[in-house]
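Report on the following structure.
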Amino acid sequence: MESKPPVLLTGPHYWDGDFACAEGAIAAGCRFLAGYPITPSTEVAERIAERFPLVGGTFIQMEDELASMAAVLGAAWAGARAMTVTSGPGFSLMQENIGLGVMTETPCVVVDVQRGGPSTGLPTLTGQQDMMQARWGSHGDYEIIALSPSSPQECFDLIITSFNLSEKYRVPVMFMMDECVGHMTERVVVPALSSIKVRHRRWYRGARDKYHPYVPAKDGVPPIVKAGDDYRFHITGLTHDQRGYPVINAECQHQCVSRLVGKIKDNTDRIVILEEDRTEDAEVVVVSYGISYRVATRAIDLARQQGIKVGSLRLVTVWPFPERRIIELAKKVKCLVMPEINMGQVFLEMERCASCFCRTRLVPHCGGWVHDPNDILKAILKGVKS
Amino acid sequence: MKRLDVTLGQDLRHPLEEYLRMDRIPHVWCPGCGIGTTLNAFLTAVKKSGIPRKDIAVVSGIGCSGRAAGYVKLDSFHTTHGRAIPFATGLKLANPKLTVVVFAGDGDLLAIGGNHLIHAARRNMDINIICINNFNYAMTGGQFSPTTPEKARLTTAPYGSYEHPFNVPFLVDSCGATYVARWTALHVRRLTNSILEALHHPGFSFIEVISSCPTVYARRNRLGTGLDLLKFYRDNSVIKNGANTRECDIRFQEQLIVGKFVDQEKPTYHDTMTEYLSQSVGKRYVPYQGPMQGKEEDGN
């Protein structure tokens, strides 16, 4: 007789990043996924379509990415942990509803397995060209959280972190994979259920008749309810007051937007996840994220072999940007180097923070492949001379 | 309805007050507009349906009709332009116990949201659509829409529209909608009954409401006041229940075919999903367990 398969496939596996991302989402309690096929993200949806019927999840293939993102928001307000998965062109189509998610403070996760752009670009080849779209893609002022995994193992681990951050700060979290990480197959160890920390939704616990959707807690984030629980609440994409009612004036806009921005910005140090290596004595620090971090590691090793004091700062969270740490490092090194598989996106933020204190060097790449470590090494050598 | 009496101590409450956010009244709709009438019909149907208020959710898009979500004292969602249906789809799938109603306009549902409309109908998604068709984009000042009759004048069709409009009942019928009706803002009792039927109908239901827009559509076309429009509906509506939807197209100031056109049983998206998955996955199938319960401790 067949037995019910376990929700969590604890143990070692040989998975690509897309599969690991799907399994990590299941481990995080995600039970709703709405998506639309797009290379190179499709394997996430395929894995979910296969696994959800075994673990009590609902998968729907929508008619497009606009619908996918809207359905995710609807599911989240019904009380599901929900996500969608896409790549560049689809990510563009999702932006308006990502804005609605920001405005209505809807916890959910958006996975973008990045490919080369612009437009249809390089469907099957890698890029990191949506990093600024993740930050500014929807209209209006807002702050967002974005993470960037470097390996299939991290696709599993960090998607759980992404769900937890989305619940804690009630904001759509952008999970910025790339084609390389998504299609790279490596050892992925799924831990035991007991060692996976999943954050619960911030349910409202006060009196029913006192509930207003947007009265923030101390950290600026309001507790949440779900449809069907007799709160009979209203949410809107219009500028709204604490009751969730639209108020169209500058005062309400100021209160609404400054809290949306503040709840992320003021908690930056709590949100930011960084990995540092050999920065204590470094004259040059390579700042990188995603797959570029792994290429940069090779370049750093080569430089160290030549006796150059190089360190690494890896941005596990890219947004909000770790301004404070970048400035601290900029004050003590000669140069900060950033390789990106784009023509300079996150680099602009680094330059803004660091250029008063040290030199900055971009190692750009148009996409389609990862950097040659020697190109990063050259930038390090130039940086140390300057 | 209780007669209103200004004597102190009399009950002056609106009969649907328990379903309205009275702290948001007055509403934005113009005098003579048909949306308020339709909202009244909807809430009356909700009251008659016996469905607990907590189990009904209203989703709106953008535009005049989109504001309806803000006035109902129900779980209500004012979403983005055109995306009310996919939002409602997510809401329904993540909590299948909810009765989900999309209240939106012709531009929202048929132009920018047209793709979602046809696919939700194809899936026989168990949601209810109330489509206010006032033949134009009124909130933005009166541009022509996909339902504007040929030759009607609007701000972006100053010489009269030269586009063929949608025959809306035919469109949703051909896409797989299992309940399709059309009424005007004059047919309050019949509209209310249709909405009541739709609320209890399993599957995709679609009710088109031809709605008066005196401020924009009627003014641009010199059709008179809201009252004149209702008189036109009275004199030119022909009730044809079960009519072939192919013959339900609307021409400028000509006869309006109204009625209940489609009412059929067919498995919903949820039905086929659970049935086919249990057949093919067998005993390993774990159906969706419903949303998170809201009882877990917050690990702050």
Side-chain angles (χ1 to χ4, degrees), chain A residues 1-5 29 31-32 34 52-58 60 62-64 66-82 96-97 99-100 104 168 197 199-205 217 223 225-238 243 245-246, chain B residues 21 23-24 52-55 57 59 62 67 69-70 72-95 97-98 100 115-116 118-120 123 269 273 277 280-300:
Chain A
M1 199 181 120
E2 288 173 299
S3 60
K4 299 245 188 266
R31 292 295 179 272
F32 183 89
F52 263 12
L54 309 177
V55 301
T58 291
I60 182 167
M62 296 299 286
E63 51 274 16
D64 56 30
L66 301 102
S68 302
M69 191 62 216
V72 162
L73 298 180
W77 279 102
R81 198 159 281 157
E96 188 191 10
N97 281 314
L100 180 65
T104 54
K168 181 165 186 190
K197 191 171 174 285
R199 193 187 176 82
H200 293 305
R201 195 150 285 185
R202 301 176 62 142
W203 300 113
Y204 171 75
R205 312 213 169 274
V225 298
K226 63 184 163 69
D229 282 355
D230 209 17
Y231 286 95
R232 295 190 285 146
F233 60 93
H234 178 63
I235 63 153
T236 173
L238 286 165
R243 297 171 301 172
Y245 290 179
Chain B
R21 295 183 193 278
D23 51 351
R24 293 225 50 217
R53 285 176 299 178
K54 72 180 183 66
D55 292 335
V59 186
I62 297 295
R67 293 304 186 96
V72 295
K73 186 82 178 103
L74 300 166
D75 289 335
S76 52
F77 303 91
H78 185 216
T79 68
T80 43
H81 196 24
R83 317 301 162 210
I85 286 178
F87 190 101
T89 298
L91 204 56
K92 178 70 185 177
L93 289 177
N95 184 354
K97 287 179 189 159
L98 292 174
V100 180
N115 197 27
H116 312 310
I118 61 176
H119 286 278
R123 296 181 181 115
Y269 180 90
M273 175 177 73
L277 282 175
S280 52
V281 181
K283 288 181 179 163
R284 301 166 77 218
Y285 176 45
V286 182
Y288 178 65
Q289 308 285 300
M292 296 183 283
Q293 283 310 304
K295 288 175 189 154
E296 306 93 337
E297 279 308 313
D298 176 10
N300 238 339

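The sequence lines fix the lettering, A, B, ..., with proteins before strands; numbering per chain opens at 1.
- Nearest heavy atoms, A:L54 versus B:V281: CD2-CG1, 3.5 Å.
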Exercise for review: Show the numbers, then the answer: is there a side chain to side chain contact (heavy atoms under 4.5 Å, CB included) between A:L73 and B:R83?
Suggested key: CA-CA 11 Å; A:L73 298 180; B:R83 317 301 162 210; over 6 Å; no
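- B:N95 places no side-chain N or O within donor-acceptor distance of the main-chain N or O of A:A78, the cut-off being under 3.5 Å.
- The most heavy-atom pairs under 4.5 Å with chain A, out of B:I62, B:L277, B:V59, B:L93, come from B:L93.
- In this structure, chain B has heavy atoms under 4.5 Å from both the backbone and the side chain of A:A227.
- Scanning all heavy atoms of the two residues, the minimum distance from B:L91 to A:G74 falls at CD1-O, 3.2 Å.
- Inter-residue side-chain proximity for A:R31 and B:Q289 is flagged as unmet; no heavy-atom pair is nearer than 4.5 Å.
- The two atoms that bring B:A69 and A:H234 nearest to each other are O-ND1, 3.4 Å, heavy atoms only.
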Check your understanding: Should B:V286 and A:V55 be marked as a side chain to side chain contact (heavy atoms under 4.5 Å, CB included) after you check the CA-CA gap, both sets of side-chain angles, and the distance that decides it?
Key -> CA-CA 6 Å; B:V286 182; A:V55 301; 6.0 Å; no
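- When the candidates B:M273, B:K92, B:R123, B:R67 are compared by the number of heavy-atom contacts under 4.5 Å with chain A, B:R123 comes out ahead.
- A:E63 pairs in a side-chain contact (heavy atoms from CB on, under 4.5 Å) with only one of the listed residues (B:T89, B:N115, B:I85), which is B:N115.
- Atom CD of A:E96 is separated from atom NE2 of B:H81 by 9.0 Å, given to the nearest 0.5 angstrom.
- Contact annotation: the side chain of B:Y269 approaches that of A:I60 to within less than 4.5 Å [non-hydrogen atoms, C-beta and beyond].
- Under the ring-ring contact (aromatic ring centres under 6.0 Å, His included) criterion, A:F233 pairs with A:W77, B:F77, not counting sequence neighbours.
- Taking the side chain as every heavy atom from C-beta outward, A:P246 and B:R24 approach each other to under 4.5 Å.
- Closest of all the heavy-atom pairs between A:G228 and B:D75 is N-OD2, 2.6 Å.
- For the pair B:H78/A:T104, no side-chain contact is recorded, criterion being any heavy-atom separation below 4.5 Å from C-beta on.
- When every heavy atom of A:A80 is checked against every heavy atom of B:Y288, the shortest pair comes out as CB-OH, 3.7 Å.
- Residue with the most contacts toward chain B among A:V225, A:V72, A:L238: A:L238 (heavy-atom pairs, distance under 4.5 Å).
- Between B:K54 and A:Y231 there is no side-chain heavy-atom pair separated by less than 4.5 Å.
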Check your understanding: Would B:Q293 and A:W203 satisfy side chain to side chain contact (heavy atoms under 4.5 Å, CB included), going step by step from the backbone distance to the final call?
Key -> CA-CA 9 Å; B:Q293 283 310 304; A:W203 300 113; over 6 Å; no
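- For the pair A:R232 (side chain) and B:K73 (backbone), a donor-acceptor distance under 3.5 Å is present.
- The nearest pair of heavy atoms linking B:D23 to A:R243 is OD2-NH1, 3.8 Å.
- Proximity to chain B (any heavy atom under 4.5 Å) is shown, for A:I235, by both the backbone and the side chain.
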